[in-house]
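Everything on this sheet refers to the single structure shown next.
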Amino acid sequence: MGHVLEKVLADVVSRWFRLQGDEVRFQIGTDEHGVKIQRAAEAEGITPKELVDRNVPLFEDLYKKLGISYDVFIRTTDQKKHWPTVQELWKKLNEAGKLEKQSYTGLYCSGCERFMTKKDLEDGKCVNHKKEPEEVTEENYFFTLSADGENLKNLLTKNWDGEEYRIIPQSRENETLALIDQGLEDVSFSRPKTSLEWGIPVPGDDDHTMYVWCDALTNYISGLGYFTDHEESEWWDDANVTHVIGKDIARFHALIWPAMLKYAGVRIPDSLVIHGFLTSEGEKMSKSLGNVVVPSEVLEKFKGNPDPLRFYLSHEVPVGRDGDFSWDRIIKLYDSKMRNDLGNLLNRVLVLINKEGGELGDRGASSDLLCDGWKAYEESLNNFKLEDGLALAMDITSKCNQYIDEKKPWGLEGDEKIVVLSELAEALRHISLMLLPFVPHTAERMLNQLGLKVPETLEGKTDWGSEKDWQKVGEPEILFEPLE
RNA sequence: CGCGGGGUGGAGCAGUCUGGUAGCUCGCGAGGCUCAUAACCUCGAGGUCGCAGGUUCAAAUCCUGCCCCCGCAACCA
């Protein structure tokens with residue numbers, strides 16, 4: 001479910017950029033290396049490659065069902081697309097003098113065949129094997145991040161050689177700055193092949209395998225073929241680059257990644273959007289609690305329509321904060337907001353207009369039905385306050401419902417009636433457009449019912465009455481069915 | 001003194017930076033409307049804003065101390 005929150009967030013942002021007329025390249029990917037995968041595969045008696053090859057189509061299928069409009073899916077096991085860039089990046093960091101061999105000492109449990117962290121130990125003993133791990137020292141390549149505290153602080157607060165990097169939300173930036181003040185440590189960038197086999201080999205040193213950071217972070221530019229003959233670097237160098245990630249990997253994206261890029265001579269991205277985690281019914285999702293919510297169950301509940309889930313995540317989980325998934329609340333939200341407020345509004349307006357023959361009249365020059373209007377909406381989305389943008393669309397919806405009751409168009413006659421209904425139809429056009437990034441399928445159905453085409457961009461569409469050729473609405477149709 | 005988030009009417013939240021009549025959604029009660037998906041609209045009940053001190057003419061908001069809850073990095077398909 002965590003993946004879904006992230007992909008929906010990134011998808012809404014991508015769709016918003018596209019609607020503004022930007023060319024967008026929306027890339028997602030999977031980190032498929034590491035000891036964990038290696039072990040999981042062993043446990044199933046298959047190779048790591050077989051394991052990840054089996055899982056990737058499941059992801060892709062899920063994203064398709066959710067309407068995630070990604071352009072590129074990059075896999076870290078892709079030896080043609082991913083590996084060459086990573087190895088080239090490694091060489092550049094090495095040439096820049098940022099990689100050095102250091103010895104790493106940790107507590108190693110021979111039973112688990114891996115290093116233990118504090119969390120894995122109870123009274124100093126391995127939880128699984130009830131014995132004290134031994135101190136083992138191994139040689140790793142380290143990325144000398146400790147030298148860059150000041151640089152990174154400047155990057156976030158002022159600039160680093162003219163480059164800026166913006167973290168959203170602000171609280172994460174504060175956290176990152178606090179982390180820098182505590183002093184940065186060098187980061188292990190490789191493991192001996194004996195302890196990590198499943199990964200990308202270190203160039204020029206066959207005894208070592210790259211650790212996750214150099215490998216996985218680089219996917220952003222390997223997807224563009226950076227440092228290769230199929231380079232499409234214009235999507236990076238000349239673009240506005242936004243990363244959307246979870247808080248678990250925030251510090252790596254906030255600190256290691258920009259430093260890596262800087263020393264490799266590649267520009268640093270513009271924005272880092274960090275989302276929180278989802279709990280389930282107020283508790284951490286875990287197998288043992290049995291409260292894991294599977295996205296496919298939610299899709300099934302709404303007959304395969306991804307929009308209730310997309311709406312819920314966008315509406316209930318402010319970007320950057322932790323959220324909660326609750327069946328009770330998604331159902332309430334579906335009934336009260338989507339079905340009663342929005343779906344019913346569309347229906348009552350279209351029914352009234354169709355009773356008059358479906359023809360639209362004068363919509364006036366402007367209307368206060370739009371509440372804070374497009375300016376506020378654009379500002380919200382541009383600042384990644386997606387929930388505010390969606391709330392605005394719902395404010396207009398509510399305003400329209402009030403307006404109908406106030407004007408009582410069913411009691412009006414002739415032009416007066418047509419004008420009120422045309423105003424409402426126009427307001428619904430704006431609502432539909434505002435919903436386009438969030439619930440694209442629903443927004444398209446609304447536009448179709450209104451008798452409009454789905455626009456590629458919003459250019460020239462956001463002024464009141466800007467659809468000059470729009471004279472007739474279509475047939476009403478239930479937007480959201482009752483549940484059960 | 002590890003770090004972070006939080007404690008506001010029955011539930012979920014906003015408001016706290018930049019003190020000044022405590023707001024929203026859901027639920028509940030009453031009324032209205034009848035175009036519509038038994039949907040919509042209006043009004044109302046309900047909170048000493050975790051606790052205790054302090055600053056101030058004035059504190060949910062600032063300061064000090066304390067208590068409690070939740071995360072700490074998700075394979076969970």
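Any value given below was found using the heavy atoms of this structure, including those in side chains, with hydrogens, waters and symmetry copies removed. Chain A is the first sequence line, chain B the second, and so forth, proteins listed ahead of strands; every chain is numbered from 1. Computed from a prediction, not measured in an experiment: that's the story for all the values here.
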Determine the Euclidean distance between corresponding [atom1] atoms of [M] and [N]; express it in Å to zero decimal places.
N	M	atom1	result
B/U16	B/U8	C1'	11 Å
B/G15	B/G6	P	10 Å
B/U25	B/G65	C1'	36 Å
B/A11	B/U48	P	13 Å

(message) Any salt bridge linking A/K153 with A/E150? Criterion: basic side-chain nitrogen under 4.0 Å from a carboxylate oxygen.
(response)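 Salt bridge between A/K153 and A/E150, a charged N being under 4.0 Å from a carboxylate O: no.
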
(request) Run the salt-bridge test on A/R39 and A/E42 with the 4.0 Å N-O cut-off and return the result as yes or no. (result)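 Salt bridge flag = no for A/E42 with A/R39.
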
Between [atom2] of [N] and [atom1] of [X], the distance in whole Å:
X	N	atom1	atom2	result
A/I404	B/C33	CD1	P	17 Å
A/H275	B/A73	NE2	C1'	11 Å
A/I331	B/A11	CD1	C1'	15 Å
A/R339	B/C26	CZ	C1'	15 Å
A/K337	B/C26	NZ	P	5 Å
A/K247	B/A73	NZ	P	11 Å
A/L390	B/U25	CG	C1'	13 Å
A/N401	B/C35	CG	P	16 Å

(message) If you go through the side-chain atoms of A/N344, does one of them form a donor-acceptor pair with the base of B/A36 closer than 3.5 Å?
(response)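 By the distance-only test, yes, there is a pair.
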
(message) At less than 3.5 Å, do the side-chain atoms of A/D324 and the base atoms of B/G12 form a donor-acceptor pair?
(response)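 Between B/G12 and A/D324, which were checked side chain against base, a qualifying N/O pair under 3.5 Å is absent.
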
(request) Could you tell me the separation between the CG atom of A/N219 and the NE2 atom of A/H82, rounded to the nearest 0.5 Å? (result)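 Answer rounded to 0.5 Å: 6.5 Å.
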
Need one value for [X]: base, sugar-phosphate or nothing, where a base atom within 4.0 Å counts as base even if backbone is also close, heavy atoms only.
X	answer
A/L479	base
A/D341	sugar-phosphate
A/V52	nothing

Looking at [options], which one has an atom nearest to any side-chain atom of [X]?
X	options	answer
A/D405	B/C26, B/C40, B/G4	B/C40
A/W410	B/U34, B/G27, B/U37	B/U34
A/N340	B/A36, B/C40, B/C41	B/C40
A/R329	B/C26, B/C41, B/G12	B/G12
A/R348	B/G12, B/A36, B/C26	B/A36

(message) Please compare A/D335 and A/L342 by the position of their nearest nucleotide in RNA chain B and report the one closer to 5'.
(response)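 Comparing both residues, the 5'-ward one is A/L342.
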
(request) Find which nucleotide of RNA chain B each of A/S296 and A/L345 is nearest to by heavy atoms, and output the residue with the more 5' nucleotide. (result)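 Whichever sits nearer the 5' end wins; that is A/L345.
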
(message) Taking side-chain contact (heavy atoms from CB on, under 4.5 Å) as the criterion, tell me which of A/N151, A/L152, A/T157 meets it with A/I180.
(response)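 So the option named by the test is A/L152.
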
(request) Searching all strands shown, indicate the nucleotide that pairs with B/A73 (Watson-Crick or G-U wobble; both distances under 3.5 Å). (result)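 When the pairing criteria are applied, nothing turns out to pair with B/A73, so the answer is none.
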
(request) Look at the side-chain N and O atoms of A/R321 and state whether any lies under 4.0 Å from the OP1 or OP2 oxygen of B/G12. (result)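 Answer no for this pair, as no side-chain N or O of A/R321 is under 4.0 Å from OP1 or OP2.
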
(request) May I ask you to evaluate whether A/K355 reaches the phosphate of B/A36, defined as a side-chain N or O under 4.0 Å from OP1 or OP2? (result)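 It does, given that an N or O in the side chain of A/K355 lies less than 4.0 Å from OP1 or OP2 of B/A36.
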
(message) Could you check whether A/R339 makes a cation-pi contact with A/F480, meaning its NZ or CZ is under 6.0 Å from the centre of the six-membered ring and within 45° of the ring axis?
(response)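 Checked: cation-pi criterion not met.
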
(message) In the structure I gave you, are the side-chain heavy atoms of A/T77 and A/W198 within less than 4.5 Å of one another anywhere?
(response)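 Result yes, sub-4.5 Å side-chain heavy-atom pair found.
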
